[in-house]
> 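Input: one structure, supplied below.
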Amino acid sequence: MAAEDAAEAGLSAERLQEAEEEAENGGSPAGGGEAAALNGEVDCKKVESKNLSVKVGESEVETEEERIEHESIRESDSNILDVSSDYPREKHLSIQRQLGDLERLADLNEGEFTLAVSQNTDLHITAEKKPCPLCPEEKFKACYGHKLHRHLQNLHWKISVEFEGYRMCICHLPCRIAKPNFIADQMFSKTGAHYHCIICSATITRRTDMIGHINRHVNKGETESRFITAPAPKSSCEVLKEADTDVQVLPNYSTPQKTDSYFNPKMKLNRQLIFCALAVLAEERKPIECLDAFGATGIMGLQWAKHLRSSVKVTINDCNENSVTMIQENCHLNKMKVKVNTKEEDNYEAIGDGEENSNTIEVTKMDANVIMHLRSFDFIHLDPFGTSVNYLDSAFRNVRNLGIVSLTSTDISSLYAKAQHVALRHYGCNIVRTEYYKELAARTVIAAVTRAAARCNKGIEVLLAVALEHFVLVVIRVLRGPSPADDSAKKIRYLIHCQWCEERIFQKEGNMVEENPYQQLPCDCHGSMPGRTAVVLGPLWSGALFNTGFLRRMLFEAVQYGLDEVQPLLKTVICEAECTTSKNFSTHSPFDENKQEECGVYIKTPDMLAESDVVPGKRKNNEVMRNATKRQKTDNSAEHPAFYYNIHRHSIKGMNMPKLNKFLNCLSEAGYRVSRTHFDPMGVRTNAPLAQFKTVLMKYSTPTYAGGQTEGPLHLREDVQVGDQLQAAADSKAKDDEFREENKSGDTATVFAEDCPTHCAAD
């Protein structure tokens with residue numbers, strides 16, 4: 001009897017399941033009636049469940065249904081854990097793209113939660129609370145939305161592992177059973193926090209182990225997820241605007257390791273400087289072919305084409321296919337026509353068709369070295385992630401004469417002497433951490449650029465060198481010919497740096513070995529200090545870092561295009577190039593800027609071209625321009641002094657330093673060239689020796705105990721003022737004996753008595 005009842009119960013369960021499937025698929029009315037009849041039979045069985053025989057049959061039905069359910073769960077679990085299976089499965093709920101997706105899962109759980117407690121009296125209270133979708137109820141109870149947001153963000157989202165736009169958040173659900181603990185002959189098993197792998201569905205407890213697990217998948221080439229992953233929605237792309245140019249960026253756009261379209265908002269100043277340099281070159285000759293070798297989002301090339309229009313022919317290159325697609329979308333977003341060219345054989349022919357529109361941007365997909373070897377450009381910008389020394393040979397191979405190459409180096413750790421072995425490996429330069437480390441970084445990069453240009457029989461002229469917190473930017477003009485190459489190579493020298501007093505000087509030209517290199521230093525630290533006191537740094541660029549005429553024209557273009565952020569920096573750099581203070585800064589008219597001579601090369605400008613058209617004899621004018629390009633400057637007195645001093649680094653203990661602007665005026669009145677520097681906000685660029693620098697600094701410093709009251713008293717009698725000055729002078733002389741001994745001429749006091757202002761003549 002029991003076997004017959006179980007068989008009938010099994011048949012009834014199968015009939016009930018078939019009836020439910022037909023009802024879901026919209027079956028015939030007959031099928032619906034049959035399902036209703038079956039439901040009636042089941043209801044009848046439930047009503048007659050008081051009988052013992054019916055109870056036994058129903059319990060067997062329940063056990064059969066539980067067995068079927070456990071088998072289905074076991075099959076699904078086996079599918080999930082089967083790594084070799086290629087059948088796509090749904091991803092775990094802990095793997096999401098955005099934090100809002102987790103909050104939406106909490107909203108779904110909230111609906112189920114309120115439905116379950118709909119019989120409670122405090123329904124309006126429970127409806128506002130939301131449970132965490134990744135934590136069990138005993139670990140995290142349902143709470144209000146703001147508290148749940150903090151919980152999801154701090155506990156799950158911040159410690160997640162990212163892979164291809166997805167975040168594998170930490171999960172506290174009972175997906176993974178921790179190792180059992182045996183306490184007093186009782187076994188306790190608890191669920192542990194873990195991550196779900198998006199590739200192989202494995203569960204791993206530690207975050208570091210999860211990152212290593214993902215890296216092993218990537219190394220094996222297993223980057224495709226076996227989950228059913230929907231494509232990233234278009235709303236995930238964020239649209240940013242800079243200089244009237246819109247660009248779409250992917251999530252994590254500011255982290256180059258996590259995205260293909262890298263966009264750094266902190267590099268806006270760098271992009272504006274490069275735009276001003278290109279605008280100056282566009283005024284010299286039109287049209288020019290310019291290349292953005294590492295496009296990423298294409299923001300830089302789009303700004304060139306949108307503002308300079310027909311003056312430039314822009315080519316944006318990137319070797320990543322996703323970046324090329326993003327560049328094309330950004331071109332359409334800014335209403336620019338796109339010319340895609342990915343074949344290396346047809347690159348040169350595609351440019352020479354002459355049927356391009358002024359709003360057409362060419363987008364190429366190839367290696368930067370390849371495109372620079374295949375084609376010639378007037379303007380090349382290199383901005384790789386890290387060092388750019390791997391692309392210098394290709395950049396100088398086909399760049400046109402009097403063209404411009406700009407490169408941005410972001411390997412700050414090596415250039416700023418934090419990783420000295422990396423600087424030696426990449427740039428072949430030995431450097432240490434000094435007070436002028438930023439200028440040392442710029443000269444290191446220029447030295448590498450000079451050697452690369454000399455290998456191609458080309459010389460360089462440095463137009464701009466800027467070293468800020470995140471990057472080192474160098475803009476140079478290319479001069480063809482072996483003579484400019486030799487002249488540029490001669491400016492690469494070694495630097496002798498004293499580690500005690502921070503004095504520095506470039507080694508003299510020549511190949512003869514000196515008996516005592518310490519004699520070249522102005523200081524006497526080697527004689528008074530034990531051991532070796534100086535180090536040899538380099539090879540470094542020893543020439544000028546700025547060109548005043550080019551910088552003034554860059555400032556003029558910045559004002560014309562409304563680039564307000566870059567104008568203060570350009571004014572500071574112009575004062576630094578001329579080695580004058582800001583109060584002596586004057587903006588010349590564009591007519592004066594058109595007559596600038598850069599490295600002995602007279603640059604053609606629109607006004608000069610107009611004048612040359614009036615004068616008859618085209619051949620004669622060309623000869624004049626050719627002869628002008630061969631002339632080099634012989635007077636280097638106008639060059640700014642090399643390096644700078646930090647006023648805080650050389651302050652006197654127990655003395656209050658004067659204000660920086662006042663100290664600059666005092667040095668200027670003493671007969672020295674002086675200016676501030678953009679490399680260091682408290683730096684002073686001057687041609688004064690370090691001993692005289694310290695002497696003037698000490699002369700105008702006040703004792704700490706007197707505060708700022710003794711500086712410039714206004715209401716004291718004249719004899720008291722003179723007495724105080726004499727006393728201060730006597731104290732300064734007593735402390736300056738070691739500085740005066742370093743001056744071999746012994747006329748330091750006489751010089752300062754003549755050059756200092758009237759109120760200091762009592763010294």
> Which value, rounded to the nearest 0.5 Å, describes the distance between Tyr416 atom OH and Leu440 atom CG?
11.0 Å

> Who passes salt bridge (Lys or Arg N to Asp or Glu O under 4.0 Å) against Asp246, sequence neighbours left out?
none

> Hey, would you say the Phe275 and Tyr561 ring centroids sit under 6.0 Å apart?
yes

> Check for a donor-acceptor pair, side chain of Thr245 on one end and backbone N or O of Ala243 on the other, with a separation under 3.5 Å.
yes

> Verify, without hydrogens or angle tests, whether Asn317 (side chain) and Met366 (backbone) share a donor-acceptor contact under 3.5 angstrom.
yes

> His151 vs Phe140 aromatic rings, parallel, tilted or perpendicular, using cut-offs 30° and 60°?
parallel

> For Phe377, what residues pass the ring pair (Phe, Tyr, Trp, His ring centres under 6.0 Å) criterion, not counting sequence neighbours?
none

> Minimum heavy-atom separation for Leu173 and Pro136, please, with both atom names.
CD2-N, 4.1 Å

> So, for Thr410 and Met267, which heavy atoms are closest and what is the spacing to 0.1 Å?
CG2-CE, 4.4 Å

> If you measure from CG on Asp680 to NE2 on His648, what distance do you get to the nearest 0.5 Å?
9.0 Å

> Go through Val247 and Leu333 one step at a time and tell me if the side-chain contact (heavy atoms from CB on, under 4.5 Å) criterion holds.
CA-CA 7 Å; Val247 288; Leu333 184 63; 5.9 Å; no

> Does any N or O in the side chain of Arg167 come within less than 3.5 Å of the main-chain N or O of Gln98, such that one atom is a donor and the other an acceptor?
no

> Answer yes if the side chains of His194 and Thr205 hold a donor-acceptor pair under 3.5 Å, and no otherwise.
no

> I want to check something: taking the side chain as every heavy atom from C-beta on, are Trp157 and Ile170 in contact at a cut-off of under 4.5 Å?
no

> State which residues pass ring pair (Phe, Tyr, Trp, His ring centres under 6.0 Å) with His149; sequence neighbours excluded, sorted by chain then number.
none

> So, Thr325 side chain and Glu321 main chain: donor-acceptor pair closer than 3.5 Å or not?
yes

> Flag yes if more than 12 heavy atoms outside Arg206 fall under 6.0 Å of its CZ atom; otherwise flag no.
no

> May I ask you to decide if the ring planes of His196 and His92 are parallel, tilted or perpendicular, using 30° and 60° as cut-offs?
parallel

> Could you please spell out the steps behind the side-chain contact (heavy atoms from CB on, under 4.5 Å) verdict for Tyr391 and Phe294?
CA-CA 11 Å; Tyr391 307 95; Phe294 301 90; 3.5 Å; yes

> Check whether any side-chain heavy atom of Thr315 lies under 4.5 Å from a side-chain heavy atom of Ile371, and answer yes or no.
yes

> side-chain hydrogen bond (donor to acceptor under 3.5 Å, both in side chains), that's the test. Do Tyr427 and Asp411 meet it? Break it down for me.
CA-CA 11 Å; Tyr427 299 95; Asp411 51 337; 2.9 Å; yes

> State whether the side chain of Asp292 and the backbone N or O of Ile316 hold a donor-acceptor pair below 3.5 Å, judged by distance alone.
no

> Are Asp244 and Gln303 side-chain neighbours, meaning at least one heavy-atom pair lies under 4.5 Å?
no

> Examine distances only and state if a side-chain atom of Asp101 and a backbone atom of Gln96 form a donor-acceptor pair shorter than 3.5 Å.
no

> Quick check for you: to the nearest 0.5 Å, what is the distance between Cys290 atom SG and Ile380 atom CD1?
10.5 Å

> Before we go on, tell me: are the rings of Tyr437 and Phe679 under 6.0 Å apart, centre to centre?
no

> Are the side chains of Cys331 and Leu302 in touch, meaning some heavy atoms are under 4.5 Å apart?
yes

> What is the distance from atom SG of Cys135 to atom NZ of Lys141, rounded to the nearest 0.5 Å?
14.0 Å

> Assess whether side-chain hydrogen bond (donor to acceptor under 3.5 Å, both in side chains) is satisfied between Ser406 and His381, documenting all intermediate values.
CA-CA 5 Å; Ser406 65; His381 176 61; 2.9 Å; yes

> Sequence neighbours left out, what passes salt bridge (Lys or Arg N to Asp or Glu O under 4.0 Å) with Lys418? Give chain and number order.
none

> I need the Asp209 CG to Ile204 CD1 distance, nearest 0.5 Å.
6.5 Å

> Of the non-hydrogen atoms in Val363 and Ile327, which two are nearest, and what is the gap between them?
CG2-CG2, 3.8 Å

> Over all heavy atoms of both residues, which pair between Leu93 and Leu105 is shortest? Give the atoms and the distance, please.
O-CD1, 3.6 Å

> Which distance, rounded to the nearest 0.5 Å, do you find between the CG of Asn330 and the CZ of Phe263?
10.0 Å

> Parallel, tilted or perpendicular, judged at 30° and 60°: which one describes the rings of His146 and Tyr144?
parallel

> Quick one, Val472 and Thr408 - any side-chain contact, counting heavy atoms below 4.5 Å?
no

> May I have the step-by-step check of side-chain contact (heavy atoms from CB on, under 4.5 Å) for Leu392 and Leu407, ending in yes or no?
CA-CA 9 Å; Leu392 294 179; Leu407 57 146; 4.1 Å; yes

> Test side-chain contact (heavy atoms from CB on, under 4.5 Å) on His332 and Met336 and set out the steps.
CA-CA 5 Å; His332 294 305; Met336 296 283 182; over 6 Å; no

> Salt bridge or not for Glu362 and Lys339, using N-O below 4.0 Å?
no

> Identify, with sequence neighbours excluded, every residue that meets salt bridge (Lys or Arg N to Asp or Glu O under 4.0 Å) alongside Glu557.
none

> Going by the salt bridge (charged side-chain N to carboxylate O under 4.0 Å, His left out) test, which pairs reach into residues 261-271, not counting sequence neighbours?
Glu242-Arg271, Lys268-Glu565

> If I compare all heavy atoms of His217 with all of Cys200, which pair ends up nearest, and what's the gap?
NE2-SG, 3.4 Å

> Indicate whether the side chain of Ser160 and that of Tyr195 have a donor and an acceptor atom separated by less than 3.5 Å.
no

> Less than 4.5 Å apart, side chain to side chain, heavy atoms only: is that true for Glu103 and Leu148?
no

> Looking at side-chain heavy atoms only, is the closest gap between Leu155 and His172 below 4.5 Å?
yes

